[in-house]
Every structure is written in structure tokens, then in C-alpha cells.
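One structure is given here, and the rest of the page talks about it.
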Amino acid sequence: MQDAVLAEAAAALRAEGVDVDATALANELVVPTAVAADLALPMHRFAKATGRDPTALAEAVAARFRPSSEIERVEGLSGYVNVHAAFPDLARRTLQLVFEGKERYGNGPGRTESVCVEHTSANPTGPLHIGRVRGAVLGDTLARILRAAGYPTVTQYYVDDVGRAAALISWMWSKPLPSWPPELRSTLPPDGAQPPGEKVDQYLGRPYPAANAYVKTHPEASAEVQQISRDLERGVPPPLHETILQQVLDGMLLSLGRLGIRFDEFAWESTFLGDGSVDAVRERLLRTPHAMTEENGAHAIDASSYGLPSESARIIVSRGDGTSLYVTRDVAYHLQKFSRFDRVIDVLGSDHVLHARTLEALFTEMDEARRPEFLLYQFITIAGGGKMSTRAGTAVSLDSLLDEAVRRARVEVSQRRDDLPAEEIDRIAEKVGTGAIRYVIARVAPEKGVKFQWEEALSFEGRTGPFLQYAFARAAAVLRKAGLSPHAPFPFDPTGFHEPGERRLLREIARWPGTIDHAASSGQVQGVGTYAHELAEAFNSFYQSVPVLSSEPELRTNRLALVAAARQTMGNALRILGIEPLETM
RNA sequence: GGGCGCGUUGCUCAGCUUGGAUAGAGCACCGGGUUCCUAACCCGGGGGUCGGGGGUUCAAAUCCCCCCGCGCCCGCCA
């Protein structure tokens with residue numbers, strides 16, 4: 001309809017002596033909120049340019065629109081040309097798209113530009129905490145959005161197996177238990193074994209905060225850790241090094257899996273040391289215009305012209321002893337990503353802003369045309385607590401959060417569904433609880449700090465994940481009671497939608513493709529969450545306002561089609577949010 | 001001190017990239033709704049200097065400048 005409106009409006013404006021083409025007009029097009037119209041064009045700009053009265057111009061332009069199958073009615077009002085869509089046309093197009101597209105309804109065209117989304121990438125030193133999970137949810141959701149928009153997308157987890165954190169956990173676990181300092185030993189059970197029911201990441205991560213504190217005050221321990229760091233740099237890890245890290249990582253991935261988060265690929269940092277690419281980066285950076293060497297032999301880049309807030313205004317590329325740094329290794333990693341992907345996106349906590357700026361500066365320094373893109377998120381803070389840190393041991397674990405959410409969900413499900421077997425209640429509770437957590441994270445703009453409040457995060461009413469699941473389940477129930485498969489053909493008469501509730505729902509369904517497109521191009525993940533809520537709200541309102549199964553045959557047929565389309569679209573939106581659509585709950 | 005980000009109703013947030021008419025939701029509060037497809041729902045109501053001030057514009061929550069408050073960062077850590 002947009003194209004028709006633009007063409008008509010351009011012709012009408014030219015007839016009124018304003019010279020514009022449809023393409024330029026497209027930027028003026030607005031979706032009105034204050035008035036019940038589908039599209040609007042403000043005339044003030046053209047009125048001003050031609051010295052006319054906006055109200056009169058709008059009325060004149062509106063009057064010149066010719067009737068068509070897409071446009072029902074056009075009116076000029078206080079300087080705006082308001083266009084009302086012909087509803088049958090809108091209904092027919094929308095429902096056709098939904099029923100033809102099914103689970104692909106809303107998706108963009110296939111594209112060739114490939115994308116790599118790196119997210120989470122937490123050091124495998126212990127269980128994931130609530131702060132980190134925001135990056136995981138954002139990254140996973142972004143990847144799902146990009147895929148839906150048509151971009152071939154790969155998610156990656158960057159595993160730090162050579163940094164200080166990796167050295168520290170290896171230092172702990174490579175020692176025989178009896179030789180552990182008491183401060184560390186006391187973090188484990190008396191027999192030192194993994195307690196039954198405790199996840200492996202939790203168990204192996206137990207001594208980590210204490211170890212951090214310990215090496216700060218014990219130089220000899222600190223020296224041992226440094227030696228391990230150098231060994232890792234040389235590619236000679238302590239025995240069990242990769243095994244320990246892999247086990248912790250597996251435990252972390254188990255938690256993420258509950259949220260539907262899985263990775264396509266893992267990039268181990270050590271591979272970039274092993275294959276010489278870190279050395280290559282170092283050599284390359286040594287030959288750049290701003291390369292410099294410190295007195296102790298460390299290599300650096302004079303970054304004073306890059307506007308970094310570093311006091312010394314230099315980026316250290318390698319230490320005096322020749323070992324590499326996180327940034328340098330990360331440059332090697334990113335160059336490798338660019339050799340495979342057209343776009344490289346990193347989802348990072350905002351404490352990594354400087355790192356992001358440093359990477360950009362080094363890419364400029366190396367005269368690389370491309371740049372990684374960054375999705376930076378503020379941390380989740382607990383009301384009353386400060387920043388969460390695994391190092392400091394001040395974190396609330398993701399597992400405990402999920403367990404609590406699922407526990408509360410089970411209470412809710414049990415109250416309503418005493419007809420279901422316990423296993424089914426457990427299954428639903430798991431999906432409701434984890435869906436609630438995903439939604440509460442995904443609905444907030446990444447750059448905003450989230451003040452985490454348990455009551456709000458674990459609420460199942462209003463603007464929540466379960467609200468969305470509930471609307472889906474209701475739609476599914478209607479189809480089930482009608483004896484129809486969701487994939488059955490749903491005939492409909494596009495001229496048969498007259499109820500406001502029907503029309504509102506259809507309009508929401510029609511907005512879905514635009515929502516994906518906008519989210520993908522802007523990277524604004526939260527838009528999908530907002531949309532899903534508005535769609536569910538429109539469905540609930542429709543459900544309340546008109547009967548489906550017990551209505552007159554023609555109405556019943558049409559409403560069943562609408563329910564099926566709503567179910568499909570809500571399901572598609574839920575899947576992008578990583579929330580399981582439930583047939584019953 | 002410097003860099004970046006945030007500030008929208010009592011609380012939690014959409015909307016800001018690309019400026020349009022009366023700024024939207026949820027929670028909480030008040031009042032209604034269940035002989036009917038799942039009330040985890042729906043309908044209505046009160047509640048707003050969009051942090052403050054200037055500027056640009058026919059038009060500013062949205063763009064620009066200044067200020068205030070809060071957060072993150074400013075390592076040869078990651």
C-alpha cells in the first residue's frame with residue numbers, strides 16, 4: 001500500500017505545484033498515533049516551501065487521491081494527509097503471507113552478507129552469573145534476528161585458555177589437594193570431592209575467588225601463576241589444563257542451554273598463539289606509523305591521535321618479556337573472523353568499551369578497511385548489591401536464578417492444572433520459568449542499566465514472557481478444540497473482518513516483517529520484545545471481545561483463520577526471543 | 001580530572017538511529033467483567049516540567065550546545 005500512497009501523493013503534490021518524487025516522499029511517511037489512520041503524510045514542509053497553508057494543502061492533496069483497491073479513504077486534517085487502508089486488501093495480503101510463510105513468516109529475503117556474532121565468552125572459571133547472562137541473551141537474540149532477516153549468521157564463544165584467569169584455575173587444580181593452602185582447601189567439602197547434584201562448573205569454580213585473593217598476598221604463588229602464563233604462551237599447558245577448562249565450560253553451557261542458548265562454534269584463544277597469527281599481528285603492528293618500543297623492550301602503539309582516554313595514550317602490543325596481551329590476541333582473532341565473515345559483531349559488557357575502542361584503533365593503525373561492530377550492554381545490578389564479579393565472588397549464579405524462576409512457575413502451573421501429570425507440569429514450568437528470565441532481559445535496551453528486582457523479574461503477569469506464552473497457548477487451544485491442525489489450510493473471506501478486535505489483531509500481525517527488518521538493521525534487540533507483547537495483547541483483546549468456536553459459520557471460519565495466523569506469528573516472535581511456544585500451559 | 005553511556009508518572013521500562021498531531025506499556029492504586037474457546041486474561045479511571053536551561057525548526061522526548069545527577073572505564077589484567 002505504501003507504494004500506491006506515495007505514487008498518488010507525489011502526483012497530487014505535483015498537481016498542486018510541489019515538485020517531489022515518490023522516493024523523496026517515502027522519508028516523510030509516518031504511522032500516525034494520534035489519529036485512526038494507517039499512514040499519514042505531513043504537508044507542513046511543502047506548505048512552507050510554497051508559501052501555502054498546510055491545512056489547505058493537505059485537504060487539496062487528499063482530494064486528488066484516486067480510489068483504489070488498496071486505499072479506502074483519504075482525508076486532509078490539520079496539515080496531514082491521512083490515509084485509511086482498504087481493510088480487505090490488508091487482510092488478504094497479510095493472511096496470505098502468514099499461511100504461505102508459516103514459520104518463515106516475517107523473515108527477510110535470503111542474503112549473501114555473512115555475519116559472525118560473538119557473545120558471552122566468559123572466562124571458564126566458574127558458574128555464569130546474572131551479569132553475564134545479559135550478554136548471552138542479547139547475543140543469542142541478535143543472532144536469531146539476523147538469521148530471520150536473511151543473513152547467514154554464525155555464533156561464536158571465545159574461550160580464554162591462555163590468560164591470567166585460565167592460568168589461575170589451572171594452577172589450583174594442577175596441585176594435589178593435600179598441598180593446597182588452607183584458604184583454598186576450605187572452599188571444598190572435607191573429602192574434596194564434587195558433591196552429588198552440584199554442577200561441575202560450580203564445583204571447579206569454588207576455590208577461584210579465594211585463589212584470586214591468595215595470590216595477591218603470596219608472591220611465590222603469584223610467581224607460579226605467572227610461570228603458567230608463560231608456559232601457556234609457549235603452548236605448553238600444565239597437565240589437565242584444557243580438560244579443566246572444558247569441564248567448567250561444559251557446566252556453563254548446560255545453564256545456557258536451559259535458556260535455549262547454543263553456540264555454532266568455539267574459538268580457543270590458544271589457537272591464535274599456536275598458528276603464529278598473534279606473532280604476525282605483532283610484526284604487522286611493529287611496522288605501522290605509530291609503532292614504538294619501550295625501554296624494557298615492550299612494543300606499543302602511540303595512540304595519542306586516537307582519542308583514547310588512556311593516560312599514557314599508548315597501546316601495549318607485547319610485554320618486555322615478549323609475551324602477548326589480550327588485545328593483541330584479540331586482533332588476531334578478529335582478523336581471522338574477517339577472513340570468514342563480512343560482518344563481525346561482538347556483544348560486550350560496557351566495562352569493555354575501552355577494549356572496543358582499542359581494537360578499532362588498532363584496525364585503523366593496520367590500515368584495515370573493515371571494523372568490528374560492538375553491541376555494548378550495561379550490567380545487571382541487584383538492588384542493594386554492587387557489581388557482580390566472579391573474581392570477587394560476589395555473583396548470583398544463573399543457575400540459582402533459573403531454579404527459582406522454575407520453582408515459582410511450577411507453583412503457578414500446579415495451581416491451574418491439576419489435570420496434568422507431574423512430568424508435564426515440570427516440563428511446562430521449566431519453559432515458563434526460563435522464558436520469563438529471557439524476556440525480562442531481552443525487553444530492555446542494552447545500553448540501559450538493569451536494576452534487577454526479583455519480584456519483577458520472576459513475575460508472570462503483564463509485560464512478561466509467560467504472558468506471551470499464555471496468549472500462544474490460548475490460540476493453540478482454540479484450534480485444538482476446533483479439531484484443526486495449525487498447519488491445516490485456513491480459508492477466509494477478506495471482506496469479512498469488521499470487529500475492531502479482529503482488525504487490531506490483523507494489523508499487529510501485519511507489522512511483524514517490519515519489526516524483524518528494523519531490529520536487524522538497527523541492532524535494537526528489544527524491539528522484538530515490545531512487539532511480541534503488543535501482539536499478544538491484541539490477541540487477548542480479540543479473544544475476549546468475540547467468540548470464535550461458537551460464532552456463525554462464516555464468522556467462525558474467518559476467526560479461525562485469524563487465530564491460526566496469530567498463533568503462527570506469536571510462535572515466530574517467541575522463537576526469535578528464544579522462548580518456547582507452549583501448546584498448553 | 002578525562003572518555004563513554006544513562007536520566008520518560010510512585011516503581012520498572014518502550015518510543016530517540018530516520019523530528020510530525022493528544023508521549024505509550026507493565027507493576028502498584030481505584031472501579032468493573034468468568035452460564036462462553038485457558039481470568040497467567042479483558043475493559044475503564046486517576047497519575048507526566050520526557051533531569052534543568054538555551055538553540056535549530058512550521059514542528060523537539062527525538063537533532064545541537066551548556067549544566068546537574070547516576071553508572072562504567074581510564075593496567076605491560078581480561
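Everything numeric in this text was worked out from a predicted model, so none of it was measured.
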Between the protein and nucleotides 46-52 of chain B, list every N/O to N/O distance that falls short of 3.5 Å.
none

Looking across every strand, which nucleic acid part, if any, lies under 4.0 Å from A:Arg282 by heavy atom: base, sugar-phosphate, or nothing? nothing
Side chains of A:Gln227 and A:Asp231, donor plus acceptor under 3.5 Å: yes
Expected output is a numbered-order residue list: members of residues 465-475 of chain A with a heavy atom under 4.0 Å from any atom of RNA chain B. What is it? A:Pro466, A:Phe467, A:Tyr470, A:Ala473, A:Arg474
How many whole angstroms separate atom CG of A:Leu458 from atom P of B:rG26? 20 Å
Do any N or O atoms of the protein come closer than 3.5 Å to N or O atoms of nucleotides 6-8 of chain B, and which pairs are they?
unit_1	atom_1	unit_2	atom_2	d
B:rG7	OP1	A:Lys448	NZ	2.6

Hey, does A:Glu534 reach any base, or is it just sugar-phosphate, or nothing, if we go heavy atoms under 4.0 Å? nothing
Donor-acceptor pair (no angle test) under 3.5 Å: A:Asn540 side chain, B:rA39 base: no
Compute whether any side-chain donor of one residue and acceptor of the other, for A:His352 and A:Asp346, lie under 3.5 angstrom apart. no
Phosphate OP1/OP2 of B:rC77: any A:Arg319 side-chain N/O under 4.0 Å: yes
OP1, OP2 of B:rA40 versus side-chain N and O of A:Arg417: anything below 4.0 Å? no
Report all interatomic pairs (protein N or O, nucleotide N or O of nucleotides 28-34 of chain B) with separations under 3.5 Å.
none

A:Asn558: side-chain hydrogen bond (donor to acceptor under 3.5 Å, both in side chains) partners, not counting sequence neighbours: none
State, without any angle test, whether A:Thr364 and A:Arg371 hold a side-chain donor-acceptor pair at a distance under 3.5 Å. yes
Please check if atom CD in A:Gln415 has more than 12 non-hydrogen atoms from other residues, nucleotides or ligands closer than 6.0 Å. yes
I'd like to know if A:Asn296 reaches the base of B:rC76 with its side chain, counting only an N/O donor and acceptor under 3.5 Å. yes
Going by 5.5 Å between centroids and 30° between planes, is there a stack of A:His44 over B:rG20? yes
Using distance only, find each side-chain donor-acceptor pair of residues 429-437 of chain A under 3.5 Å and give its atom names and separation, not counting sequence neighbours.
unit_1	atom_1	unit_2	atom_2	d
A:Glu430	OE1	A:Arg258	NH2	3.2
A:Glu430	OE2	A:Arg258	NE	2.9
A:Thr434	OG1	A:Glu430	O	2.7

